[in-house]
Amino acid sequence: MIQNPILRGFNPDPCICRAGDDYYIATSTFEWFPGVQIHHSKDLKNWRLLTHALTRESQLNMLGNPNSGGIWAPALSYFEGMFYLIYTDMKTWATDEIFKDSYNYMVTAENIEGPWSEPIYMNSSGFDPSLFHDDDGRKWFLNMVWDHRKDKNPFAGILLQEYSVTEQKLVGDIKNIFTGSPIGLTEAPHIYKVNGWYYLMTAEGGTSYEHSVTLARSKNLDGPYEIHPDNPLLSAWEHPDLPIQKAGHASWVQTSDDEWYLAHLCGRPLEQRGRCNLGRETSIQKLRWDDDGWPRLATGGNHPQLEVPESSLPEHPFPVEAVKDDFDSGELANHWQTLRIPYTTDWLKLDARPSHLRIHGQESLISRHKQSLIARRLQSHNAEAETGLEFNPESFQQMAGLAAYYDTGHWVYLRISQDEVSGKSLNIMSYDARRYEEILDTPVPLSTTEKVYLKVIFEHNSFHFEYALEKDKWQKIGDSFDAGLLSDDYCNGLSFTGTFIALCVQDLTGRKLHADFDYFKYQEFESS
């Protein structure tokens, strides 16, 4: 059986495609750099993070982008030896702002691992774009259209326009081919052609618990489209007790053995219809085709399953990733990401000191510009992460340490700094919807300590920090925190990422003081 979710932790908006005997899923990365995670499988059961597509600032410049802006809903396809990636760089989107400034681009590559081309600008009329390759060789660009006008449905339908390969731009008439089902909030379009029918798949119901997959079909590319008789094809809304919730935003793939699978977004709440601190993840469901020409879940019904029948493809597991990163490979492991900007040697160095990561401090943890921070996803409700670092601040404006991070407005930070009374010392800072706190009334003094060990432990509903002045002699510091405070559901209600564990340094004096991290260890465990 395939165990869901197949991509754990913040990996939303999956777009699945096949190239020969290989299967790939692209997922959204929002403000995290490099952009677009690409995952690889041979059997649809075992997956690995293979690469990122957008690795250059010329492909993705997110300096100043809002929280949960940046990469929305990448669409990956493969046609006649070429990979195509369509993506949105969202510059303005907040729920209290009427406009959406969405820049839609396309990049291509002959090899999934790149190099990917420079981007071609497509349009800005809406978000969640995709590209359909018809069997006559023509290519068609889709995106939802955003209507900002008063008393209008902002999710105004799905636009279709031809893409000219020779001219490298959109050409011809723009048509609104589908305005959605009664579920509403129609977005994330994908078109597939099967047995002479054009199938249009969209996401509806919003991005939370009412999320759904809607399917429609037509004999003509530009419609009219009839809606699946048992719509929605997939949703968890009527089943609040399921461990897999928020099922929606999907794409499908046909295997080499003529089996069909649907990759879809999901969430795992800490409690029933509660907060999902792991963010939105990716699961997969098996499909069957019925005599009426409509696909349905092979397991029956329309709700997501935690365990799914595996394909007939030969099983192909990948090596298990090491739990400890000693920073001795000369490059960052691909699970590390930075905020908005690529890492450069003026603030991050892997060769300054053997088997150490050196980070030079820049802006604060609330900055949307230049943060000196690298982070990895939290992928289990029960996990711990630790590091050891050396840092010698001279000012209270210089800080370094380990953070549990959601976005610039929501984080908890165990950091070393300098204080006029306590000297070099350890304290916990928290930032909750612009409410700043220093947790300890009296910081822990570190004046005679060179190396300090820091740890964060997530235990389902809560997390706490520990520290050690000698290796493995851990002491808890501060009280426990609610894990749900680092979730989409809590952070403004419509944010789109998930909890990260970050190594970071700040130097608000502008002198770029550095800290040296000698390892990072991330390990998951069973709940007690």
Q: Could you walk me through whether D13 and S28 pass side-chain hydrogen bond (donor to acceptor under 3.5 Å, both in side chains), step by step?
A: CA-CA 6 Å; D13 310 328; S28 296; 2.6 Å; yes

Q. Quick one: does R377's side chain have a donor or acceptor within less than 3.5 Å of a partner on F10's backbone?
A. yes

**Q.** Check: D101 side chain, T92 main-chain N or O, donor-acceptor pair, under 3.5 Å
**A.** no

(Q) Does atom NZ (K471) have a neighbourhood of more than 12 heavy atoms from anything else shown, all under 6.0 Å? (A) yes

Q: Kindly determine whether E386 and K324 satisfy salt bridge (charged side-chain N to carboxylate O under 4.0 Å, His left out), including the steps that lead there.
A: CA-CA 9 Å; E386 68 176 79; K324 188 178 181 185; over 6 Å; no

Q | Ring-ring centroid check Y24 H40, cutoff 6.0 Å | A | yes

Q) Just wondering, more than 12 heavy atoms not from E315 lying within 6.0 Å of its CD? A) yes

Q) Is any side-chain heavy atom of L389 less than 4.5 Å from a side-chain heavy atom of D518? A) no

Q) When the ring planes of F496 and W72 are compared, do they come out parallel, tilted or perpendicular, using 30° and 60° as the limits? A) perpendicular

Q.
For the residue pair E450 / N392, report whether a side-chain donor-acceptor contact shorter than 3.5 Å exists.
A. yes

Q) For T55 and Q59, which heavy atoms make the closest approach, and how far apart are they? A) N-OE1, 2.9 Å

Q. Between Y406 and N67, do the side chains contain an N or O donor and an N or O acceptor separated by less than 3.5 Å?
A. no

Q: Output the distance between atom CZ (R415) and atom CG (L426), rounded to the nearest 0.5 Å.
A: 7.5 Å

Q.
Apply salt bridge (charged side-chain N to carboxylate O under 4.0 Å, His left out) to residues D488 and R275 and explain how you reach the verdict.
A. CA-CA 7 Å; D488 295 355; R275 296 168 179 169; over 6 Å; no

Q) Are side-chain heavy atoms of R268 and Q245 found at a separation under 4.5 Å? A) no

**Q.** Side-chain touch C276/K246, heavy atoms, less than 4.5 angstrom
**A.** yes

Q) Any sub-3.5 Å donor-acceptor pair from Q3's side-chain atoms to E307's backbone N or O? A) no

**Q.** Residues D516, R358; criterion salt bridge (charged side-chain N to carboxylate O under 4.0 Å, His left out); working and verdict
**A.** CA-CA 5 Å; D516 285 343; R358 176 165 292 180; 2.7 Å; yes

Q.
Taking G423's backbone N and O only, do any of them form a donor-acceptor pair with S425's side chain (distance below 3.5 Å, no angle check)?
A. yes

Q: Please examine the side chains of H249 and E187, heavy atoms only from C-beta on, and report whether any two atoms are closer than 4.5 Å.
A: no

Q) Honestly, is K100 close enough over W93, meaning NZ or CZ under 6.0 Å from the six-membered ring centre and within 45° of the axis? A) no

Q) Under the 6.0 Å and 45° cation-pi test, does K370 pair with W347? A) no

Q.
Taking L63's backbone N and O only, do any of them form a donor-acceptor pair with N61's side chain (distance below 3.5 Å, no angle check)?
A. yes

Q: Answer yes or no: is there a donor N or O on one side and an acceptor on the other, between the side chain of R340 and the main chain of N65, under 3.5 Å?
A: yes

Q.
Students often mix this up, so state it plainly: with edges at 30° and 60°, are the rings of W32 and F500 parallel, tilted or perpendicular?
A. parallel

Q.
Is it the case that the side chains of S417 and Q398 hold a donor-acceptor pair, with the cut-off being a distance below 3.5 Å and no angle test?
A. no

Q | Atom NZ of K451 with >12 non-hydrogen neighbours under 6.0 angstrom | A | yes

Q | Pairwise distance OH(Y23) to CG(L44) - rounded to 0.5 angstrom | A | 5.5 Å

**Q.** Closest non-hydrogen atom pair between G206 and L185, with its separation
**A.** N-CD1, 3.4 Å

Q: Find out whether the Lys NZ or Arg CZ of R376 is both under 6.0 angstrom from the six-membered ring centre of Y522 and within 45° of the ring's axis.
A: yes

Q. Is it the case that Q506 and Y413 place a side-chain donor and acceptor less than 3.5 Å from each other?
A. yes

Q | Donor-acceptor contact below 3.5 Å, side chain S41 vs main chain N46 | A | yes

Q) Are any of the side-chain nitrogens in R511 or E394 under 4.0 Å away from the carboxylate oxygens of its partner? A) yes

Q) How would you list all residue pairs meeting ring pair (Phe, Tyr, Trp, His ring centres under 6.0 Å) that involve residues 440-461, not counting sequence neighbours? A) H381-H460, F458-F463

Q. Does the pair E390 and R353 meet the rule for a salt bridge (charged side-chain N to carboxylate O under 4.0 Å, His left out), with working shown?
A. CA-CA 12 Å; E390 297 173 32; R353 182 177 174 186; 3.1 Å; yes

**Q.** Step-by-step side-chain hydrogen bond (donor to acceptor under 3.5 Å, both in side chains) determination, D346 to T344
**A.** CA-CA 5 Å; D346 65 323; T344 52; 2.2 Å; yes

Q. Quick one: do the N123 and N143 side chains pair a donor with an acceptor below 3.5 Å?
A. yes

Q.
Tell me whether Y103 at atom OH has more than 12 heavy atoms from other residues, nucleotides or ligands lying less than 6.0 Å away.
A. no

Q. With a cut-off of 6.0 Å (strictly less than), are more than 12 heavy atoms of other residues, nucleotides or ligands near CG of D479?
A. no

Q: Only counting residues at least two apart or in another chain, list the ones meeting side-chain hydrogen bond (donor to acceptor under 3.5 Å, both in side chains) with R434.
A: none

Q. Do F520 and L503 have side chains that get closer than 4.5 Å, going by heavy atoms?
A. yes

(Q) With a sphere of 6.0 Å drawn around CD of E118, does it hold more than 12 non-hydrogen atoms of other residues, nucleotides or ligands? (A) yes

Q: Answer with yes or no whether the side chains of N11 and T27 bring together a donor and an acceptor at under 3.5 Å.
A: yes

Q. Salt bridge between R8 and E281, side-chain N to carboxylate O under 4.0 Å?
A. no

**Q.** Side chain N4, main chain Q305, donor-acceptor under 3.5 Å
**A.** yes

Q) Is the F127 ring parallel, tilted or perpendicular to the W146 ring (thresholds 30°, 60°)? A) tilted

Q | Distance-only side-chain donor-acceptor flag, Q362 / H360, under 3.5 Å | A | no

Q | Partner of W411 under ring-ring contact (aromatic ring centres under 6.0 Å, His included), chosen from Y436, Y431, F481 | A | Y431

Q. Are any side-chain N or O atoms of N104 and backbone N or O atoms of G126, one a donor and one an acceptor, separated by less than 3.5 Å?
A. yes

Q. Do the side chain of D43 and the main chain of H316 share a donor and acceptor less than 3.5 angstrom apart?
A. yes

Q) Rounded to the nearest 0.5 Å, how far does CH2 of W116 lie from OG1 of T51? A) 9.0 Å

Q) Are a donor atom and an acceptor atom from the side chains of D325 and W336 found within less than 3.5 Å of each other? A) yes

**Q.** L508 and S364, any side-chain heavy atoms less than 4.5 Å apart
**A.** yes

(Q) With heavy-atom distances below 4.5 Å as the criterion, would you say the side chains of Q37 and Q337 are in contact? (A) yes

Q: Would you please classify the geometry between the Y105 ring and the Y121 ring as parallel, tilted or perpendicular, with 30° and 60° separating the classes?
A: perpendicular

Q: Indicate whether the side chain of D432 and that of S430 have a donor and an acceptor atom separated by less than 3.5 Å.
A: no

Q. For H264 and Q285, does a side-chain donor sit closer than 3.5 Å to a side-chain acceptor?
A. yes

Q) Any side-chain heavy atom of F33 within less than 4.5 Å of one from L339? A) no

